[in-house]
Amino acid sequence: MTEIVFGRWGNVVRDLRETGEKVTVDDEGFPSTQGFPEDLAALMCGKGVLIFRKDLDYFSMARRYLEEIQAKYCCGRCMPGIRGTKILQLVLDRIARGEGRESDLELLADVAETLDLTARCSVCQSAGELIKDGLTHFRQSFDAALASGDPNPDLRYLGKISAPCMNACPSHINIPAYVEALQDTRYEECLEIIREEMPLPGVTGRVCPAPCQKACTLANAGKQPIPIRLLKRVAADYEMDHKVAPPLHPREMTEKPVAVVGAGPAGLTVAHYLALLGHPVTVFEALHVSGGMVGVGIPPYRHPRAVLKREIDIIRGLGVEVKEGASLGQDFTLDELFSQGFQAVFLGVGSHKSMGLGLDDKGIEGVFRGGIDFLRDLNLGMEVKVGERAIVVGGGNTAVDCARTCLRMGASEVQVVYRRTEKEMPADPIEVEDAEEEGVIFNYLTQPIELIADEGRLTGLKCIRMRLGEPDGSGRRRPVPVEGSDFVIAADTLIPAIGQKSDLSFLGPSDRIEVTRWETIKVDPDTMMTSRPGVFAAGDAVSGPLTVVHGVAGGKLAAAMIHQYLTTGKCSVSDEKRIDDIIAVVEKDTKVRVTPKTESREAGKIPPRKLDQRERITSFDEVESGFTQEGSFVEASRCLRCYHLVFGALSQ
């Protein structure tokens with residue numbers, strides 16, 4: 001495990017260079033070093049500085065830290081940041097050339113203090129703090145540079161901007177930057193920032209569960225978080241409503257075609273980024289509709305199909321060919337794809353197989369196979385009927401989607417049965433709140449135990465009350481039945497929505513693709529390559545059922561690895577992933593937060609627009625129409641811009 005020899009983390013300082021003590025775990029406010037790479041020599045960021053090598057030259061690394069800020073991350077929105085970081089860089093460069101003088105150190109100290117106190121955001125504030133750290137604790141390094149210039153040690157530097165919201169986002173979108181662009185109605189720039197990390201802003205602006213908002217610094221200060229998801233949607237809707245073509249410019253085409261199996265979020269993301277890199281891409285989709293679960297699983301009242309269609313059309317516009325109704329294992333095999341000239345194959349087949357309740361439901365009319373089957377059949381235009389009283393079993397977003405859909409299909413009473421409490425329910429709280437407003441009844445701590453039928457037709461569901469016992473393997477308290485608490489809920493429709501998994505029956509021994517005991521595709525987590533060279537996978541078929549943004553994140557990493565494989569013949573951990581892994585360790589420490597010296601406005605008084613709950617259940621029209629331009633400006637202007645540069649020095 002990496003050991004700290006010097007650190008200033010928040011307000012805590014530990015200097016162990018002479019004492020020989022070691023800090024390897026969370027100690028006196030220091031972060032756990034578990035997860036940092038063994039070759040990490042030092043780390044600088046908005047939370048502080050950690051040194052892992054006694055011979056590290058602080059001056060040299062601080063100079064490169066300032067270069068990185070000036071080259072990429074000084075936003076130019078406050079004069080202290082613009083001029084202060086530039087002065088620091090110029091002075092450090094002068095010293096590095098051997099032209100420095102003693103008074104330069106006083107100038108560095110004065111400018112650093114000004115930056116620390118007056119810069120608008122944490123990026124430039126941190127520059128001041130880290131220069132002060134160096135002058136206080138590593139003065140000999142600066143004195144040596146004055147005498148001999150920059151020693152230019154044999155280190156490799158990796159840097160990337162981060163913020164609590166960015167790190168919580170599986171796709172690591174530069175959220176503060178796009179929120180700021182939106183504040184100035186720079187919609188094209190806002191979408192350019194988003195598309196650097198994900199190609200589906202309109203989709204995720206509607207259906208993402210927004211883990212970024214839970215991590216927002218304002219939320220952790222007891223205030224309303226920035227509505228990040230809805231702000232993303234504002235820019236995407238503006239582009240769609242005004243028919244603006246995004247400025248995407250693919251590189252010159254290579255002769256290394258790639259086959260993408262599955263047109264869900266992961267597959268579409270792979271196609272998008274590989275096409276931009278110049279690789280010919282053909283997407284094969286088993287259904288006659290593209291989009292995966294976004295296309296056939298999420299109801300249109302949450303996600304209008306026109307939004308997905310437009311974003312797929314943008315990807316097609318990059319030169320991507322999409323072949324629908326083409327199923328791996330039925331219409332073609334992996335071997336046939338390679339024999340046709342494809343140089344790599346990506347598997348993004350999703351998780352479309354429903355998990356059953358384990359109750360005897362054979363031949364009982366009114367019982368559906370599963371929630372995703374119910375939604376898929378409906379969205380594909382098949383004849384689907386529900387009765388007067390519907391029960392949905394489960395606690396995820398699919399369960400809530402099924403319940404709200406039943407209301408729109410004419411059910412007079414819809415109940416959701418879930419075996420844990422509302423607190424443990426994995427569904428998005430906003431979706432649950434909307435469902436309750438529309439009249440859905442939630443039965444918590446309730447477990448189905450028997451189907452009740454009369455002459456082959458469902459009439460009810462026998463359930464038992466539960467209580468929470470000791471935690472299970474997932475860390476959640478295990479539901480335990482309460483003896484003698486059986487009761488029956490009258491129903492003529494039952495939809496199990498307790499989970500789903502991948503159907504990998506199309507894979508045979510000749511495909512040489514290893515599968516895990518959880519019936520997911522086994523991949524190298526650093527490269528996303530399967531057990532068969534040249535075949536990659538990501539999304540739900542690898543991780544199990546997660547969110548759209550998780551599928552996008554996996555797809556983007558896979559695209560980068562496929563490009564590396566096609567251009568070099570091998571795959572290795574990318575610098576992008578290495579710095580992302582370092583950032584994950586840094587942001588995991590929540591005791592020390594980056595707190596800009598700026599105040600946020602109070603939460604906006606202009607809420608997002610929604611249909612009245614009485615109108616909602618009369619159609620599948622979109623419930624939420626987002627912010628007005630005024631509302632988006634008010635909310636975007638509340639952002640604290642608490643991002644910071646995470647900068648690591650790695651041994652060569």
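Predicted, not measured: the structure shown is a model, and the values here were computed from it.
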Student check: side-chain heavy atoms of [X] and [Y] closer than 4.5 Å:
{"X": "His137", "Y": "Val13", "answer": "yes"}
{"X": "Leu182", "Y": "Tyr187", "answer": "yes"}
{"X": "Leu268", "Y": "Pro199", "answer": "no"}
{"X": "Glu180", "Y": "Arg641", "answer": "yes"}
{"X": "Ile228", "Y": "Cys165", "answer": "yes"}
{"X": "Asn167", "Y": "Pro164", "answer": "no"}
{"X": "Leu105", "Y": "Asp143", "answer": "yes"}
{"X": "Glu424", "Y": "Tyr418", "answer": "yes"}

Verify whether one side chain among [X] and [Y] offers a donor that lies under 3.5 Å from an acceptor in the other.
{"X": "Gln564", "Y": "Ser574", "value": "no"}
{"X": "Thr136", "Y": "Arg8", "value": "no"}
{"X": "Gln183", "Y": "Ser637", "value": "no"}
{"X": "Thr269", "Y": "His272", "value": "no"}
{"X": "Ser126", "Y": "Tyr65", "value": "yes"}
{"X": "Thr114", "Y": "Thr118", "value": "no"}

Determine, step by step, whether Tyr58 and Phe6 satisfy the ring-ring contact (aromatic ring centres under 6.0 Å, His included) criterion, reporting the C-alpha distance in whole Å, the side-chain angles of both residues, the deciding distance to 0.1 Å, and the verdict.
CA-CA 11 Å; Tyr58 193 100; Phe6 173 87; 7.6 Å; no
Taken to the nearest 0.5 Å, the spacing of Leu115 CG from Leu130 CG works out to 11.0 Å
Can you tell me how far apart CG (Leu43) and CD1 (Ile582) are? Round to the nearest 0.5 Å.
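Leu43 atom CG to Ile582 atom CD1 measures 7.0 Å (nearest 0.5 Å).
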Can we say [X] and [Y] salt-bridge, meaning some charged N sits less than 4.0 Å from an Asp/Glu carboxylate O?
{"X": "Arg638", "Y": "Glu635", "result": "yes"}
{"X": "Arg578", "Y": "Asp39", "result": "yes"}
{"X": "Asp150", "Y": "Arg64", "result": "yes"}
{"X": "Arg97", "Y": "Asp93", "result": "no"}
{"X": "Arg206", "Y": "Glu624", "result": "no"}

Determine whether the aromatic ring centres of Phe59 and Phe138 lie less than 6.0 Å apart.
no
Please indicate whether [X] has more than 12 foreign heavy atoms, meaning atoms of other residues, nucleotides or ligands, lying under 6.0 Å from its [atom1].
{"X": "Lys522", "atom1": "NZ", "result": "no"}
{"X": "Glu188", "atom1": "CD", "result": "no"}
{"X": "Arg83", "atom1": "CZ", "result": "no"}
{"X": "Asn11", "atom1": "CG", "result": "no"}

Between Arg14 and Glu3, is a salt bridge (charged side-chain N to carboxylate O under 4.0 Å, His left out) present by the stated rule, with each step listed?
CA-CA 12 Å; Arg14 290 289 298 271; Glu3 297 168 349; over 6 Å; no
Side chain to side chain contact (heavy atoms under 4.5 Å, CB included) assessment of His172 paired with Lys556
CA-CA 11 Å; His172 301 299; Lys556 185 169 188 290; over 6 Å; no
When you look at Leu645 and Glu68, which way does the side chain to side chain contact (heavy atoms under 4.5 Å, CB included) test go after all the steps?
CA-CA 9 Å; Leu645 173 61; Glu68 188 87 350; 3.8 Å; yes
